[in-house]
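All of these numbers come straight from a predicted model, not from anything done at the bench.
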Amino acid sequence: GRKDELSAVLHQGGPFALYLRNHPDEYYIARFVSMSEGDRIGGTGIGYLELNFMADDPLRYGPMKSLAVTTSSVTFYVEGSTPAAISIASDTAVRSSSSGVWGVRFDDQDFVHIGIPVSTASSVAIDCENRTASVNNATAMVTLDSDWPILKPGVHTARIDQGSGSATVTWQERSA
């Protein structure tokens, strides 16, 4: 019956996206805990369902957005009501010959720079939410003066300000 179908879906591991009717384009991150049978005839109803939300105060998660960034500034808008963590990926990162680093700057103040060990195009991945970075799939450190940028809702600019190449900046919009 319906309980078996729901139970099979919920027991598939998780966490999973929980969509609510009043916010069809956003979701909460939740993990199944337990459920009990309800009082329907034959025991096919669900009496209660217990979920753990994956944030102290559950957030609704909107769409993933991404943006191509080069050495020219690009302007973009972050929606939602809660700051969004970003990730940065580049397969064309080349360090600056003067500073020996490669990095992206946001709003002409927050930036994240990473030392690139080679002068040819490198693959760089920076996860500002989990504060991790890698160069050519090997763990790397950001420079001591780097920030781990978080984007508040509103208008922003981004550009590669150390080195050359292009990057993709990705974030997921969130609302409280």
Side-chain angles (χ1 to χ4, degrees), residues 12-19 23-31 53-56 58-176:
Q12 289 179 355
F16 61 94
L18 175 64
Y19 291 87
H23 297 285
D25 297 329
E26 300 175 335
Y27 58 92
Y28 295 91
I29 300 295
R31 184 181 302 276
F53 289 92
M54 305 303 287
D56 291 337
L59 299 175
R60 292 187 308 272
Y61 290 80
M64 292 292 287
K65 300 274 181 98
S66 64
L67 172 74
V69 177
T70 63
T71 53
S72 299
S73 287
V74 61
T75 301
F76 61 102
Y77 188 79
V78 174
E79 295 184 32
S81 62
T82 302
I86 60 171
S87 60
I88 301 166
S90 176
D91 288 326
T92 59
V94 179
R95 69 181 175 175
S96 167
S97 58
S98 61
S99 67
V101 300
W102 181 88
V104 177
R105 183 175 296 269
F106 296 89
D107 302 325
D108 288 327
Q109 27 185 325
D110 292 337
F111 62 88
V112 59
H113 291 164
I114 189 167
I116 304 290
V118 295
S119 59
T120 58
S122 297
S123 173
V124 173
I126 301 170
D127 179 345
C128 291
E129 184 172 24
N130 295 305
R131 297 185 175 204
T132 61
S134 66
V135 175
N136 297 327
N137 295 318
T139 300
M141 294 181 65
V142 300
T143 61
L144 291 176
D145 58 346
S146 285
D147 305 302
W148 294 100
I150 301 291
L151 302 175
K152 294 180 181 176
V155 176
H156 297 277
T157 59
R159 65 183 166 84
I160 293 175
D161 74 332
Q162 291 289 326
S164 62
S166 63
T168 301
V169 175
T170 305
W171 70 96
Q172 185 165 28
E173 294 177 344
R174 307 185 309 170
S175 299

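- Judged as a salt bridge (Lys or Arg N to Asp or Glu O under 4.0 Å), the pairs with a partner in residues 96-108 (not counting sequence neighbours) are, in order, R105-D161, D108-R159.
- Scored by the side-chain contact (heavy atoms from CB on, under 4.5 Å) test, S96 finds S98, S99, Q162 as partners (sequence neighbours excluded).
- Listed by chain and residue number, F76 satisfy the ring-ring contact (aromatic ring centres under 6.0 Å, His included) test with W171 (two or more places apart in sequence, or in another chain).
- Under the 3.5 Å distance criterion, the side-chain polar atoms of T170 are left unmatched by any main-chain donor or acceptor of S66.
- The side-chain contact (heavy atoms from CB on, under 4.5 Å) search around N130 returns D127, T132, not counting sequence neighbours.
- Here ring pair (Phe, Tyr, Trp, His ring centres under 6.0 Å) pairs that include residues 133-152, with residues two or more places apart or in two chains, number zero.
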- prompt: Which is it for V135 and W102 under the side-chain contact (heavy atoms from CB on, under 4.5 Å) test, yes or no, and what are the steps along the way?
  reply: CA-CA 11 Å; V135 175; W102 181 88; over 6 Å; no
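- Contact between S175 and T82 at its shortest, heavy atoms only, is C-OG1, 3.7 Å.
- Evaluation of the side-chain contact (heavy atoms from CB on, under 4.5 Å) rule for S134 yields A125 as partners, not counting sequence neighbours.
- Looking at every heavy atom in both residues, T71 comes nearest to G163 through CG2-O, 4.0 Å.
- Distance check: L67 CG to T168 OG1 gives 8.5 Å after rounding to the nearest 0.5 Å.
- Put simply, CG on D110 and SG on C128 are 9.5 Å apart, with the number rounded to the nearest 0.5 Å.
- Residues satisfying the side-chain hydrogen bond (donor to acceptor under 3.5 Å, both in side chains) test with E129, not counting sequence neighbours, are none.
- Taking each heavy atom of A121 and D91 in turn, the nearest pair found is CB-O, 4.0 Å.
- In this structure, R131 has no side-chain hydrogen bond (donor to acceptor under 3.5 Å, both in side chains) partners at least two apart in sequence or on a different chain.
- The nearest pair of heavy atoms linking A167 to I88 is CB-CG2, 4.0 Å.
- Scored by the side-chain hydrogen bond (donor to acceptor under 3.5 Å, both in side chains) test, T70 finds no partners at all (sequence neighbours excluded).
- Closest heavy-atom contact between V112 and P149: CB-CD, 4.1 Å.
- Applying the side-chain hydrogen bond (donor to acceptor under 3.5 Å, both in side chains) rule to D147 yields no partners; only residues at least two apart in sequence or on another chain are considered.
- Nearest heavy atom pair, residue T120 against residue V94, reads C-CG2, 4.1 Å.
- The structure places CD1 of I160 at 6.5 Å from OG1 of T92, a figure rounded to the nearest 0.5 Å.
- Here S122 contributes atom OG and N137 contributes atom CG; the two are 11.0 Å apart, rounded to the nearest 0.5 Å.
- Under the ring-ring contact (aromatic ring centres under 6.0 Å, His included) criterion, F111 pairs with H113, not counting sequence neighbours.
- Side-chain atoms of E173 come within 3.5 Å of backbone N or O of E79 as a donor-acceptor pair.
- With sequence neighbours excluded, the residues that form a side-chain contact (heavy atoms from CB on, under 4.5 Å) with T75 are V155, T157.
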